Each structure stands twice: as structure tokens, then as C-alpha cells.
Amino acid sequence: MTGALLEVDGLAIDYGTGRNIVEGVSFAIEAGRTLGIVGESGSGKSSVARAVLGLTPYAGSARFDGRELAAQSRTVWRATRARLQMVFQDPYSTLDPRMRVGAQIAEPLLVHGAADARAARLRVGELLERVGLDPAMATRYPHEFSGGQRQRIAIARAVALNPDLIVCDEPTSALDVSVQSQVLDLLQDLQSEFGIAYLFIAHNLGVVRRMSHDVAVMSQGRVVEAGAVDEVFDHPTDPYTRALLDAVLEPDPVERHRAPSIPEGLTSPLHTLSSEEGEER
Ligand SMILES: Nc1ncnc2c1ncn2[C@@H]1O[C@H](COP(=O)(O)OP(=O)(O)OP(=O)(O)O)[C@@H](O)[C@H]1O
Ligand SMILES: [Mg+2]
């Protein structure tokens, strides 16, 4: 299929070390769909997310709406960046503790010239309401909110410019289970309402299954298995994926929110998504 919103092909990241930490990663995300990425800690999930957001140099290809991200001029990148937003585990990585939340939600609108000050104030109220908060809270600071509320604020800021894609890196991993569920509901509602696509990274496989249409399983910097989420989770073909799924079935309340540790020697033979598969999309 052609015309995916985000098409990543043979992505490699070496952080300037000359040794690839991420290698041969390929996937595609269609408009309005969610691709989940799972894999052990250090497998390269956040690195891929940062490359897609233009925060980490990469080799290979990452095209957003058909245009290579790394090759974009400053002006084109600005326009792309408005359509490509992020929500991370720690809201403080996107929220400034010294700035009122209303001003932070308004910031992208003002920076991109999407609204003047008055229109932005109105839009902030609407956005706060849309994410389940009281518009009167706009004058408060991030520390005056709970973790779940702060993540709602980060989401309000991320959706302010009606983005096509939001990169969510462990967006609910720091939240209590019930709060986590509400924030996931919100993300799903926003997807149905606005057709936003997500690149959704999480340790919790249940969360990824609930959120994703497709999933890519990463191990040691590569995608070892990918496909429709039910297919991959119900009929994993890769030994690493199987181990990952099996490990989750062993209850361990303390560690449950972290990726299960995979026994040594069970890492996969590293078959990546083939490039043919990449072209098919
Ligand atoms: N800026 C950097 N410079 C050098 N190496 C880095 C850098 N950032 C990450 N790495 C390395 O890249 C590898 C992948 O890290 P990454 O954060 O992408 O993994 P992850 O899958 O997101 O892990 P986690 O589940 O713990 O968040 C790790 O070995 C990490 O040490
Ligand atoms: Mg990470």
C-alpha cells in the first residue's frame, strides 16, 4: 500500500558511536491508526520515537506524508512538526513547571500562528474541557495537578494543532491503573473523533493490545516480529515474542509494569521486517 502517513524503512541510529543501536527497523502507520511498539528495556523503542520526532539523527528512511524527515528544510519541518506531536511518560519533559498550563497549551497555537491571543484563550478552554479538565484550571501551574491531570494537559497541548500523528512514549506508565485506563480512553476517543494516528510505545502488553491496530516487537534494536496486534499476540511466530508474552502470564505485581526479562539466549535470530514488506505498504 502506498501513502502511509509515516513510513519508516531500514531505520538505523548509532548516536554517533559508529555502532548501530537501532538497525533495519521498518514499519508504516496509516492515518488514524495505531502502531504499538513493545520490547525489552533498551531495545531501542524510544530511540525510534525520537528519530521520528526529529530529535535524533538517523540513517535509512523515515517519511512523513511522503517527505523524508531528515531532508526537510527548516520551513517544511516547522509545518511537519505542527502535524507531528508527542506525549511522553514524564509530562515535565513537555510541560514547563514555571509556566501556567493555559499558556503552555496556547503556545503551539501562537508559535504556529494558528490563533491570536484571544482565540488561543478560547481554544485553551475548549481543549481543557475536551481532555476532561475545568477550563478555569488554565491559570494553574503543572505541580498543582495530579499525574493523570498533568498527562491530560500534555495531551491537550499535543492536540491543539489538530495533529495527524502523536508519538506516545509510555504515556501512562507512571500512572495508577485506574487513572491509566481513563487516559487511554481519552486517547482512543481523540483518535475516533479526529482521526489521529499514534505511534504508541509501552511496556505493558495489555495496554499495547488495547490501543494498537498493529504492533512491532523490538529486541536489541531490531523489529523481530510485526503485524496485526491480535495476530502477533495470539499466534506469535518469533521466539522472543513468545517469551515476552509468556513472561507476562507469570504474575509479578511489582515488576508487571516493566518489560519482562527475557532469558539469555532467547533473543531472536533477528529477522526484521523485510524490505519487500516495507514496499508493500
Ligand atoms: N543519546 C544516546 N547516546 C548513546 N546511546 C543511547 C542514547 N540514548 C539511548 N541510548 C542507548 O540506546 C539503547 C536503546 O535505548 P532506548 O531508550 O531507545 O530504549 P527503550 O527501548 O526505549 O528502553 P526503555 O524501555 O527502558 O525505555 C540503549 O542501549 C541506550 O543506552
Ligand atoms: Mg524508552
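Reckoned from all heavy atoms, side chains included, excluding hydrogens, waters and symmetry mates. Since this is a predicted model, take the numbers as computed values, not measurements. Numbering of ligands and ligand atoms starts at 1, following listing order.
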Does the shortest distance from the Mg ion (ligand 2) to an N/O/S atom of Ser46 fall below 2.8 Å? yes
Short list, please: which atoms of ligand 1 are under 4.0 Å from a heavy atom of [X]?
| X | value |
| --- | --- |
| Ser43 | 19 (O), 21 (O) |
| His203 | 25 (O) |
| Arg50 | 8 (N), 9 (C) |
| Ser46 | 17 (O), 18 (O), 20 (P), 22 (O), 27 (O) |
| Ser47 | 14 (C), 15 (O), 16 (P), 18 (O) |
| Ile21 | 5 (N), 11 (C), 12 (O), 13 (C), 14 (C) |

If you define the side chain from C-beta out and look only at heavy atoms, does anything of Val229 sit under 4.5 Å from His213? no
What part of Glu40 sits under 4.0 Å from ligand 1 if we count only heavy atoms: the side chain, the backbone, both or neither? backbone
Main-chain N/O of [Y] paired with [X] side-chain donor or acceptor, under 3.5 Å:
| X | Y | answer |
| --- | --- | --- |
| Gln149 | Pro142 | no |
| Glu7 | Asp65 | no |
| Asp176 | Ser178 | no |
| Glu144 | Tyr141 | yes |

Answer yes if the side chains of Thr237 and Glu225 hold a donor-acceptor pair under 3.5 Å, and no otherwise. yes
Using heavy atoms and a 4.0 Å limit, tell me yes or no: is Gly44 in contact with ligand 1? yes
Linking I/L/V/M/F/W/Y whenever any side-chain heavy atoms sit under 4.5 Å apart, do Met99 and Leu127 land together? no
Geometric N/O contact Gly42 with ligand 1, under 3.5 angstrom: yes
Test of proximity, Ser41 against ligand 1: N or O pairs below 3.5 Å: yes
Restricting to salt bridge (charged side-chain N to carboxylate O under 4.0 Å, His left out), what partner residues turn up for Arg50, sequence neighbours left out? none
